[in-house]
Amino acid sequence: MRTTQILTLFLSALFSASGLRAQDKWDLRRCVEYALANNISIKQADIDSRTYKLYYDQAKGNQMGVVNGTTALGLNFGRSINQTTNIYTNTEGLSQYYNLQANITLFNWFALRRATESNKFSYEAQVVNIDKIKNDVTLNVSAAYLSALLAKQQVSLAKTKIQLTEQQLKNTRALVDAGSLPELNAAELEVQFATDTASIITAQETYDIDKLQLKAILNLDAAAPFDLDTPPVETIPVEPITSLQPDIVYAIAVGAFPQQKMNDLRIASAEKNVDYSKGRLYPTLSAYGALGDNFFNDLRASSTEFVPTNAGPNSYALVAGTQYPLYLANPVTTYSSQPFYKAFQGYGTQLSNNFGQQVGLQLNIPIFNGNTARINYKKAQLSVTTAKLTKDNDLQTLKQGVYQAYYNAVASLQKFEANKKAVVVAEKSFDLATKRYNIGMLNTIDYLTNQNNLFTARINVLIAQYDYVFRVKVLEYYKGLGIKL
């Protein structure tokens with residue numbers, strides 16, 4: 001079997017396998033919609049926005065004050081000291097207390113309000129950031145999609161070229177076998193066929209890698225069936241370059257781009273944070289109140305008896321000349337355990353008698369706290385400056401991107417027009433070379449040179465055409481027209 005036949009069978013197997021792997025067609029709309037629903041960066045931005053929403057909700061809650069309630073129920077037993085008599089006694093009792101406390105800031109130079117406003121702007125900035133990332137993902141998907149389309153078209157051109165070489169090789173082989181042409185002509189075409197085979201394998205590899213990169217942006221499984229719908233590049237709608245002047249596009253982008261709105265919101269948030277930090281430098285007036293109650297019941301039953309005790313050897317009373325010893329009546333208390341159900345006897349009465357209330361005003365004056373409050377105030381001021389510089393830098397980057405896209409589009413259009421003329425000339429030259437080669441008036445090397453020139457010209461015009469379409473699509477994106485093919 002000839003080398004040419006082996007390569008032909010190999011290519012047939014390669015493209016048959018590619019067709020089996022790539023039966024699911026994806027156009028740009030489907031790619032963009034899938035990316036917006038599954039891209040990891042968008043999901044992370046959504047989580048960030050929900051986190052900032054919680055910060056905002058917490059800041060609003062801080063303005064409403066604090067209310068806490070506590071209660072405890074416990075058993076007291078063992079020795080404890082009586083705070084009145086300063087005598088240790090054995091105790092065994094059931095106790096419970098209730099406590100309800102409330103505190104609310106009345107005035108703190110609007111610091112809490114400014115903190116809420118700062119968190120509100122930060123949350124809104126994160127919501128806008130989702131739109132920014134969606135726009136970035138849309139542009140990245142479009143760039144990857146067009147790159148993969150170009151690679152697919154290059155595979156088609158490589159197939160066309162190898163078919164042309166294969167046909168010419170068959171014709172030349174017939175003439176060589178008939179003795180009309182030397183064997184060298186067929187050998188040179190076989191070399192070209194092998195070179196074209198390598199080129200088509202390289203083109204297919206490039207296409208497969210471009211698809212893999214597009215899948216990564218989509219967050220699509222690398223093993224999933226995936227093939228691109230291939231609209232003719234000539235049918236892709238593009239705005240006339242005259243309607244995409246960079247100064248006009250830039251002015252529109254400044255007002256429409258999420259990045260600029262996000263920067264404005266972050267500046268507003270930083271400015272409100274300055275006001276909050278400044279308020280923390282001044283006294284805070286707050287009101288507080290408390291309700292308290294408690295209950296205690298001895299778990300032991302007590303009984304007291306008065307026991308006579310001799311008052312002492314010199315303690316006596318003289319009655320009718322007779323001395324009688326004196327006795328003192330000493331109380332002796334004895335304890336005995338009582339049933340547990342009696343532990344809550346008098347519960348309601350005690351709570352009613354022990355209920356207490358407290359209200360008041362509190363003035364907190366910051367005198368010295370390690371200079372923390374003033375340093376935080378200065379840091380907040382620097383954050384405003386940083387946010388404004390970020391906005392200026394993004395505006396500069398945006399302007400540079402718009403003008404660069406415009407100049408690239410103009411250059412791509414010029415290259416496209418020049419390469420179209422080159423294709424016309426190369427086709428004419430190759431047609432003449434083919435006719436001369438078929439009648440034996442042109443050697444194989446010159447024929448192959450003309451064939452390769454035509455192939456290169458077609459590749460160049462294809463590259464320039466896709467590059468022009470992409471550059472215009474970038475300008476349309478900046479102009480707020482979206483991305484569509």
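This is a predicted model, so every value here is computed, not measured.
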Visitor: Can the ring centroids of Tyr477 and Phe257 be said to lie less than 6.0 angstrom from one another?
Guide: yes
Visitor: Under the side chain to side chain donor-acceptor pair (under 3.5 Å) test, which residues partner Ser383, sequence neighbours left out?
Guide: none
Visitor: Would Arg173 and Glu183 satisfy salt bridge (charged side-chain N to carboxylate O under 4.0 Å, His left out), going step by step from the backbone distance to the final call?
Guide: CA-CA 8 Å; Arg173 174 58 60 186; Glu183 181 66 28; 3.1 Å; yes
Visitor: If you take all heavy atoms of Leu398 and Ala253, which pair is closest and at what distance?
Guide: CD2-CB, 3.9 Å
Visitor: Treating Ser118 as the side-chain partner and Arg114 as the backbone partner, does any N or O pair qualify as donor plus acceptor under 3.5 Å?
Guide: no
Visitor: Could you state the interatomic distance from CD1 (Ile133) to CG (Leu36), rounded to the nearest 0.5 Å?
Guide: 11.5 Å
Visitor: How about Leu139 and Asn135: do any of their side-chain heavy atoms sit closer than 4.5 Å?
Guide: no
Visitor: Checking Lys215 side chain against Ala222 main chain: does a donor-acceptor pair fall under 3.5 Å?
Guide: yes
Visitor: For Leu157 and Ile459, which heavy atoms make the closest approach, and how far apart are they?
Guide: CD1-CD1, 3.6 Å
Visitor: Is there a side-chain contact between Leu214 and Phe226, using heavy atoms and a 4.5 Å cut-off?
Guide: yes
Visitor: Parallel, tilted or perpendicular: which one describes the rings of Trp26 and Tyr34, with boundaries at 30° and 60°?
Guide: perpendicular
Visitor: Would you say Ser286's side chain and Leu106's backbone share a donor-acceptor pair under 3.5 angstrom?
Guide: no
Visitor: For the pair Glu476 (side chain) and Glu239 (backbone), establish whether a donor and an acceptor sit closer than 3.5 Å, ignoring hydrogens and angles.
Guide: yes
Visitor: Rounded to the nearest 0.5 Å, what's the gap from CG on Asn38 to CD on Glu33? Could you check?
Guide: 11.5 Å
Visitor: Taking Thr138 for the side chain and Lys134 for the main chain, is one N or O donor matched with an acceptor at less than 3.5 Å?
Guide: yes
Visitor: Could you check if a side-chain atom of Pro366 sits within less than 4.5 angstrom of a side-chain atom of Leu281, using non-hydrogen atoms only?
Guide: no
Visitor: Using the salt bridge (Lys or Arg N to Asp or Glu O under 4.0 Å) criterion, which residues pair with Asp431? Sequence neighbours excluded.
Guide: Lys435
Visitor: With sequence neighbours left out, write down each residue that passes side-chain contact (heavy atoms from CB on, under 4.5 Å) with Thr230, or none if nothing qualifies.
Guide: Leu149, Lys152, Gln153
Visitor: Just to verify, what does Glu205 make a side-chain contact (heavy atoms from CB on, under 4.5 Å) with, not counting sequence neighbours?
Guide: Ile209
Visitor: Taking only residues two or more places apart in sequence, or in another chain, which ones meet Asn62 in a side chain to side chain donor-acceptor pair (under 3.5 Å)?
Guide: none
Visitor: With rounding to the nearest 0.5 Å, note down the distance linking CD in Gln245 to CG in Leu475.
Guide: 9.5 Å
Visitor: Counting neighbours of NZ on Lys261 that are heavy atoms of other residues, nucleotides or ligands and sit closer than 6.0 Å, is the number greater than 12?
Guide: no
Visitor: Please list, chain by chain and in numerical order, all residues satisfying salt bridge (Lys or Arg N to Asp or Glu O under 4.0 Å) with Lys272, sequence neighbours excluded.
Guide: Glu117
Visitor: Taking everything shown except Ile40 itself, do over 12 heavy atoms lie less than 6.0 Å from its CD1?
Guide: no
Visitor: Where do Ala380 and Asn273 come nearest, in terms of heavy atoms and distance?
Guide: CB-ND2, 3.7 Å
Visitor: For Gln167, check side chain to side chain donor-acceptor pair (under 3.5 Å) against everything at least two apart and list the hits.
Guide: Asn171
Visitor: Is there a side-chain contact between Asn119 and Tyr52 (heavy atoms, below 4.5 Å)?
Guide: no
Visitor: Under 6.0 Å from the OH atom of Tyr403, do we count more than 12 heavy atoms belonging to anything else shown?
Guide: yes
Visitor: How many angstroms lie between atom CD of Gln260 and atom CG of Leu395, to the nearest 0.5 angstrom?
Guide: 4.5 Å
Visitor: Under the side-chain contact (heavy atoms from CB on, under 4.5 Å) test, which residues partner Val66, sequence neighbours left out?
Guide: Asn68
Visitor: Taking side-chain contact (heavy atoms from CB on, under 4.5 Å) as the definition, give me every residue that meets it alongside Lys120, ordered by chain and number, with sequence neighbours left out.
Guide: Tyr56, Glu124
Visitor: Provide the closest heavy-atom pair for Ala35 versus Ile42 in the form atom of the first, atom of the second, distance.
Guide: O-CD1, 3.8 Å
Visitor: Does the Ser429 side chain pair with the main chain of Val425, one donor and one acceptor, at a distance under 3.5 Å?
Guide: no
Visitor: Drop me the distance from Gln213's CD to Ser147's OG, to the nearest 0.5 angstrom.
Guide: 7.0 Å
Visitor: Compare every heavy atom of Asp229 with every heavy atom of Tyr145, then report the nearest pair and how far apart it is.
Guide: OH-O, 2.9 Å
Visitor: Is it true that Asp136 and Lys132 have a side-chain N and a carboxylate O under 4.0 angstrom from each other?
Guide: yes
Visitor: Taking the inter-plane angle between the rings of Phe110 and Phe107 on a 0 to 90° scale, is it parallel (under 30°), tilted (30 to 60°) or perpendicular (over 60°)?
Guide: perpendicular
Visitor: Main chain of Ile217, side chain of Asn39: is a donor-acceptor contact present, judged purely on distance under 3.5 Å?
Guide: yes
Visitor: Sequence neighbours left out, what passes side chain to side chain donor-acceptor pair (under 3.5 Å) with Lys391? Give chain and number order.
Guide: Asp264
Visitor: One pair to check against side-chain hydrogen bond (donor to acceptor under 3.5 Å, both in side chains): Asn376 and Tyr276. What are the steps and the verdict?
Guide: CA-CA 10 Å; Asn376 287 339; Tyr276 163 75; over 6 Å; no
Visitor: Please check if the side chain of Trp109 supplies one atom and the backbone of Arg280 the other of a donor-acceptor pair under 3.5 Å.
Guide: no
Visitor: So, Thr206 versus Gln154: side-chain donor-acceptor pair below 3.5 Å or not?
Guide: no
Visitor: When you look at NZ of Lys278, are more than 12 heavy atoms from neighbouring residues, nucleotides or ligands closer to it than 6.0 Å?
Guide: no
Visitor: Applying side-chain hydrogen bond (donor to acceptor under 3.5 Å, both in side chains) as the test, list every pair that has at least one member in residues 361-374; sequence neighbours left out.
Guide: none
Visitor: Looking only at non-hydrogen atoms, find the nearest pair between Tyr250 and Val402 and report the distance.
Guide: N-CG1, 4.1 Å
Visitor: Going by distance alone, is a donor N or O of one side chain under 3.5 Å from an acceptor N or O of the other, for Tyr447 and Glu188?
Guide: no
Visitor: Please, which pairs that meet side-chain hydrogen bond (donor to acceptor under 3.5 Å, both in side chains) have at least one residue in residues 451-467, sequence neighbours excluded?
Guide: Lys161-Asn452, Thr165-Gln451, Gln192-Asn452, Ser412-Asp467, Glu427-Arg458, Asp467-Arg471
Visitor: Return yes if some donor-acceptor pair links the side-chain N/O of Asn129 with the main-chain N/O of Ala125 below 3.5 Å, else return no.
Guide: no
Visitor: Under 4.5 Å between any side-chain heavy atoms of Val274 and Tyr377, yes or no?
Guide: yes
Visitor: Where the side chain of Asp27 meets the backbone of Arg30, is there a donor-acceptor pair that is under 3.5 Å apart?
Guide: yes
Visitor: How long is the straight-line distance from CD1 of Ile267 back to OG1 of Thr390, given to the nearest 0.5 Å?
Guide: 8.0 Å
